[in-house]
Number of protein chains: 2
Amino acid sequence: MSTENKILDSIASSKNNKPHCGTCSLSSLCLPIALQANDLDALDQVIKRGRPIQKGEMLFKQGDDFNAVFAIRTGAVKSFTVARSGEEQITGFHLASELVGLSGYAEDVYPLSAKALETTTVCELPLDKLEVLCDEIPGLRKQIMRNMSGEIRQDQQMMLQLSKKSADERLAYFLLELSGRFERRGFSAKAFRLAMSRVDISNYLGLAVETVSRIFTRFQKNGLIATEGKEITLLNLDELNNLTGNPSLNAQCDSQ
Amino acid sequence: MSTENKILDSIASSKNNKPHCGTCSLSSLCLPIALQANDLDALDQVIKRGRPIQKGEMLFKQGDDFNAVFAIRTGAVKSFTVARSGEEQITGFHLASELVGLSGYAEDVYPLSAKALETTTVCELPLDKLEVLCDEIPGLRKQIMRNMSGEIRQDQQMMLQLSKKSADERLAYFLLELSGRFERRGFSAKAFRLAMSRVDISNYLGLAVETVSRIFTRFQKNGLIATEGKEITLLNLDELNNLTGNPSLNAQCDSQ
DNA sequence: CGTCTACTTGACCACTATCAACGCTGGTGG
DNA sequence: CCACCAGCGTTGATAGTGGTCAAGTAGACG
């Protein structure tokens with residue numbers, strides 16, 4: 001067994017060497033959430049689990065035929081659209097358990113590209129098989145619709161950020177939003193690693209890199225955060241929350 | 001028969017007094033596009049067609065239970081989210097044949113509100129019935145997924161506009177995008193009525209009303225458009241296209 | 001005719017982009 | 001082993017786009 005495969009397996013599953021939806025630690029966040037055991041097997045059968053995708057590699061490119069949806073098992077991915085004028089807009093960062101590529105449905109080609117921010121393993125759901133399953137398993141159809149609906153909601157939140165919020169508010173929102181996603185995956189809400197570069201963050205938030213950099217420094221001076229390269233610690237969630245301009249995003253949300 | 005009902009019927013269908021998906025002039029744009037005759041009947045059966053909605057009335061409010069999706073028959077609707085801080089963000093304007101409310105799927109409540117911009121008639125698709133039909137008619141499921149996917153694509157385009165484009169570019173894009181939608185509905189691409197107010201436009205585009213107003217005047221001075229109240233004529237599509245910063249959005253798109 | 005709302009126009013200034021320079025780190029090749 | 005370079009991140013100085021405030025106009029409606 002090659003070193004590469006060893007790494008893959010150790011990443012894919014800490015206990016078994018055959019990854020399977022039923023044993024995947026993400027099953028409570030990912031598509032299986034709404035499925036029965038036998039449906040889960042059916043889903044598992046159609047999933048292709050390829051070799052890991054290296055940092056900088058593309059999952060798919062804007063304009064490619066839409067032939068699969070991807071669920072992220074480990075790692076992180078950014079998706080972005082390129083305007084005809086050449087400008088890039090990062091439309092989202094995707095962590096483990098999230099689906100990428102569903103927006104290809106409308107036009108039969110991907111309207112955006114997806115690139116790995118770090119070494120990433122994915123579960124590939126070939127479209128033809130997925131279509132059949134969707135018609136056979138109502139729970140799966142519903143779960144995918146929920147997913148798409150959630151993405152619409154999220155993108156619309158982002159529209160609000162981009163059009164109404166100041167640079168400080170956007171960055172605070174970004175950090176808290178990420179924090180919440182890590183927490184839901186069982187990681188620390190206060191200390192994590194930013195898989196994306198400052199340039200990526202600034203692009204996503206509709207700001208210049210310099211602005212993002214300056215705000216990071218200012219937040220540090222004010223004791224809100226501490227950074228060491230890509231590692232970041234949120235020192236004062238309450239104050240960050242105030243900064244978003246939104247009463248409570250992450251504060252006293254124990255019920256969530 | 002009351003005056004109100006007479007109006008409804010005359011609006012609902014210019015030829016028959018019983019509106020039906022099969023005879024609706026929008027069937028080639030709306031959900032029926034992918035359905036067989038008998039499936040179409042099944043869809044038609046579940047649709048509730050209520051009285052017209054007056055300008056300013058709400059179709060649904062953010063936080064309401066998600067219990068129906070709406071297809072617009074005539075008129076226009078704006079949808080918008082309200083942040084906890086109170087800011088409103090208009091997330092879209094919807095014209096005849098478009099679906100509103102699909103983003104309620106993820107959380108079982110609508111994450112946004114929808115309000116009529118003018119007197120509007122809608123086809124209401126109760127969620128419980130729609131769910132059943134989705135599982136029975138694969139074509140319908142697919143069409144709805146395409147719809148959601150298209151909305152994601154569209155929102156992401158908007159994110160690009162909001163974060164990368166200047167005020168002029170945004171307004172030009174807005175006008176051309178509307179123009180294209182009117183054209184696809186068989187109306188003039190060059191002259192139409194803006195159902196929404198300047199405030200709505202500015203909110204949608206992430207600008208101040210004053211800015212929008214100034215750009216409208218400047219565009220007029222430069223001979224790009226002519227306005228008279230809410231009526232607008234696009235005098236120079238090519239130049240507007242250049243202004244979007246995107247090579248060709250509406251130019252020489254005869255094939256589209 | 002008065003009031004209200006939508007829209008327009010002008011003056012001013014703040015936020016953030018842009019330009020420029022510099023430091024740090026990791027990789028490459030002499 | 002060190003010099004060099006590229007990519008990323010930070011910091012400073014400057015300027016421009018578009019927001020804000022204020023006032024005025026026009027159109028709709030009672």
Report task. Tell me which nucleotide among C:dC7, D:dG9, D:dA13 gets nearest to the side chain of A:R214. Result -> D:dA13

Requested in this report: Indicate whether OP1 or OP2 belonging to D:dC8 is found under 4.0 Å from a side-chain N or O atom of A:K230.
Outcome: no

Report task. Verify the ring-centre separation between A:Y204 and A:F93: is it less than 6.0 angstrom? Result -> yes

Query raised in the report: Considering only side-chain heavy atoms of B:S197, which listed nucleotide, C:dA6, C:dT8, D:dT11, is closest?
Result: C:dA6

Requested in this report: May I have the distance from A:L171 (atom CG) to D:dG9 (atom P), rounded to whole angstrom?
Outcome: 13 Å

**Report entry** Short side-chain donor-acceptor distance under 3.5 Å, B:Q89 and A:S163
**Finding:** yes

Query - Side-chain heavy atoms of A:L59 within contact of A:I53, under 4.5 Å - result: yes

Query raised in the report: Any side-chain donor-acceptor pair under 3.5 Å between B:S149 and A:S103?
Result: no

Query raised in the report: Given atom NZ of A:K55 and atom C1' of D:dC8, what is their separation to the nearest angstrom?
Result: 10 Å

**Report entry** Out of D:dG19, C:dC7, D:dT10, whichever nucleotide has its closest atom nearest the side chain of B:R198
**Finding:** C:dC7

Requested in this report: Ignoring the backbone of B:S213, work out which of D:dG9, C:dT9, D:dT20 is nearest its side chain.
Outcome: C:dT9

Requested in this report: Would you mind classifying the nucleic acid contact of A:A208 as base, sugar-phosphate or nothing, using non-hydrogen atoms under 4.0 angstrom?
Outcome: base

Requested in this report: Could you tell me the separation between the CD1 atom of B:I232 and the P atom of C:dC7, rounded to a whole number of Å?
Outcome: 12 Å

Query raised in the report: Please give, in whole Å, the distance from C:dA17 C1' to A:L205 CG?
Result: 15 Å

Query raised in the report: Any side-chain N or O of B:T211 less than 4.0 Å from the OP1 or OP2 oxygen of D:dT17?
Result: no

Report task. Establish, for the pair A:K78 and A:F80, whether the NZ or CZ atom is under 6.0 angstrom from the six-membered ring centre and no further than 45 degrees off its axis. Result -> yes

Requested in this report: Please state how far atom CG in B:N203 lies from atom P in D:dG18, giving the value in whole angstrom units.
Outcome: 17 Å

Requested in this report: Using whole Å, report how far CD1 of B:I225 lies from C1' of C:dT8.
Outcome: 14 Å

Query raised in the report: How close or far is atom C1' of D:dT20 from atom CG of B:L207, stated in whole angstroms?
Result: 14 Å

Report summary line: Ranking C:dC7, D:dC21, D:dT10 by distance to the side chain of B:E210, first place goes to D:dC21

Query raised in the report: Do the side chain of A:R218 and the base of C:dT16 come within less than 3.5 angstrom through a donor-acceptor pair of N or O atoms?
Result: no

Query raised in the report: Quick one: A:L162 CG to C:dT16 P, roughly how many Å, whole number?
Result: 13 Å

